[in-house]
Amino acid sequence: MRAHRLVDSIDAPTRERFAREYEASATPVVLRGVATSWPAMERWSLDRLAREHGDLRVLAARLDRGAVVMDARRGLEHAPVTLGAFLEALRGGARDRYVSTPLAELPPTLARDAPLPPYCDGASWHDGNLWIGADGTTSGLHFDVADNFHAVVSGRKRFVLAPPRQSASLYPNGPLHGVPNGARVDLERPDFERFPRMRDASPVVAELGPGDLLYIP
C-alpha cells in the first residue's frame with residue numbers, strides 16, 4: 001500500500017468555486033472554518049447536552065475495543081439509549097458505544113444548531129446524522145451512494161479515503177453481506193498475505209478539527 005497523502009485543506013470557498021474545482025471532478029477537500037458559525041459550536045458541550053437533552057433517546061452502535069462492530073449477518077448493531085446515560089458512561093471512560101443517530105429524530109431546536117452547509121443549496125435530497133464517540137473510536141472502511149459532507153464540532157477526526165477506481169484493491173463485501181457497502185480489509189492493520197491487492201491501493205487522509213467540513217464525493 002502506497003504512502004498516504006493529505007487531502008487539500010482550504011479556507012471556505014464560494015459555492016461557485018467549490019462546484020467548479022471540487023464537486024465537478026469529485027475531488028475530496030477539507031473546507032476550513034465552514035461550521036465555526038454554527039450554534040452547535042457553543043451549545044453542544046457534553047455538560048449542556050446532558051443537562052438539556054439527557055432524556056433524549058438516541059441510537060448507539062456497539063463497539064469492540066473502540067471499533068464499530070460490523071456483523072457479517074446482522075450488519076451494524078444499534079441500540080437505543082438515553083443521551084444522558086451515554087454521556088455519563090463516556091465521561092466515565094466507557095468505550096462500548098458510539099452515538100449515530102439521525103438529525104431528523106432530534107428535537108428541532110437541537111437539529112437547527114447544525115444547519116445545512118451552503119454547498120447543499122439546490123440539492124434534491126439531503127439527510128444528516130449526529131455522531132458522538134470517545135477518543136480513538138474507529139469505523140470500518142465503507143462507501144456511501146450519495147456525496148457527503150462531514151463537519152466536526154468538537155475534538156478531531158481522521159478520514160482515510162480511496163477513489164472508487166481502487167475498489168477491487170480493498171476487497172468490498174458482497175451484496176449478501178450484512179454490511180454490503182463495507183470492505184473486508186482493515187487499513188489500520190493491513191494483511192497483505194490475505195489481501196495482496198491492497199498493495200496497489202493509494203488512499204488519502206483528511207484531518208479535521210473543530211469547525212472544519214470534509215467533502216466526500
Measure the shortest side-chain to side-chain distance between [X] and [Y] over non-hydrogen atoms and say whether it is less than 4.5 angstrom.
X: Pro107; Y: His53; result: yes
X: Arg184; Y: Asn173; result: yes
X: Met41; Y: Pro210; result: yes
X: Pro172; Y: Ser167; result: yes
X: Val205; Y: Val7; result: no
X: Leu141; Y: Val185; result: yes
X: Leu208; Y: Val30; result: yes
X: Leu130; Y: Val58; result: no

Worksheet item: Under 4.0 Å between a Lys/Arg side-chain N and an Asp/Glu carboxylate O for Arg74 and Glu77?
Response: yes
Worksheet item: Can a salt bridge be assigned to the pair Arg189 and Asp186 using a cut-off of 4.0 Å between side-chain N and carboxylate O?
Response: yes
[X] side chain to [Y] main-chain N or O, any donor-acceptor pair under 3.5 Å?
X: Thr137; Y: Ala134; result: yes
X: Asp191; Y: Arg194; result: yes
X: Asn148; Y: Ala146; result: yes
X: Arg32; Y: Ser9; result: yes

Worksheet item: Any luck finding a side-chain donor-acceptor pair between Trp38 and Asp113 under 3.5 Å?
Response: no
To the closest 0.5 Å, what do you measure between [atom1] ([X]) and [atom2] ([Y])?
X: Leu59; Y: Arg57; atom1: CG; atom2: CZ; value: 9.5 Å
X: Asp121; Y: Leu116; atom1: CG; atom2: CG; value: 8.0 Å
X: Phe159; Y: Ser139; atom1: CZ; atom2: OG; value: 8.0 Å
X: Ser25; Y: Arg20; atom1: OG; atom2: CZ; value: 11.0 Å
X: Arg156; Y: Asp212; atom1: CZ; atom2: CG; value: 7.0 Å
X: His177; Y: Asp71; atom1: NE2; atom2: CG; value: 8.0 Å

Partners of [X] by ring-ring contact (aromatic ring centres under 6.0 Å, His included), sequence neighbours excluded?
X: Phe143; value: none
X: Phe192; value: none
X: His126; value: none

Under a single-linkage definition using a 4.5 Å side-chain heavy-atom cutoff for Ile, Leu, Val, Met, Phe, Trp and Tyr, are [X] and [Y] assigned to the same hydrophobic cluster?
X: Leu90; Y: Leu106; value: yes
X: Val160; Y: Ile216; value: no
X: Val152; Y: Leu6; value: no
X: Val179; Y: Leu63; value: yes
X: Phe86; Y: Leu56; value: yes

Looking only at heavy atoms, which two atoms of [X] and [Y] are closest? And how far apart?
X: Ser169; Y: Asp200; result: OG-CB, 3.8 Å
X: Val153; Y: Ala40; result: CG1-O, 3.6 Å
X: Ala114; Y: Trp44; result: CB-CH2, 3.9 Å
X: Arg91; Y: Ala50; result: NH2-CB, 3.7 Å
X: Pro115; Y: Pro39; result: CD-CD, 4.4 Å
X: Ala35; Y: Ala151; result: CB-CB, 4.4 Å

Worksheet item: Do other residues, nucleotides or ligands put more than 12 heavy atoms under 6.0 Å from Asp55 CG?
Response: no
Fill in: Heavy-atom neighbours of Asp127 CG exceed 12 at 6.0 Å
yes
Fill in: Steps toward side chain to side chain contact (heavy atoms under 4.5 Å, CB included) verdict (Leu187, Leu170)
CA-CA 9 Å; Leu187 290 181; Leu170 300 173; 4.1 Å; yes
Worksheet item: Apart from Phe18 itself, which Ile, Leu, Val, Met, Phe, Trp or Tyr residues share its cluster (side-chain heavy atoms under 4.5 Å, direct or through members)?
Response: Ile10, Tyr22, Val29, Leu31, Val34, Tyr119, Phe149, Leu213, Tyr215
Response to the item:
Here the side-chain hydrogen bond (donor to acceptor under 3.5 Å, both in side chains) pairs for residues 93-107, sequence neighbours left out, are Tyr98-Lys157, Ser100-Trp131
Item to complete: Would you check, one step at a time, whether the test side-chain hydrogen bond (donor to acceptor under 3.5 Å, both in side chains) holds for Gln166 with Ser202?
Response: CA-CA 8 Å; Gln166 295 182 13; Ser202 54; 2.7 Å; yes
Worksheet entry | Full working for side chain to side chain contact (heavy atoms under 4.5 Å, CB included) between Leu103 and Asn129 | CA-CA 5 Å; Leu103 287 176; Asn129 284 279; 5.6 Å; no
Fill in: With Glu21 via side-chain contact (heavy atoms from CB on, under 4.5 Å) - residues at least two apart
Arg17
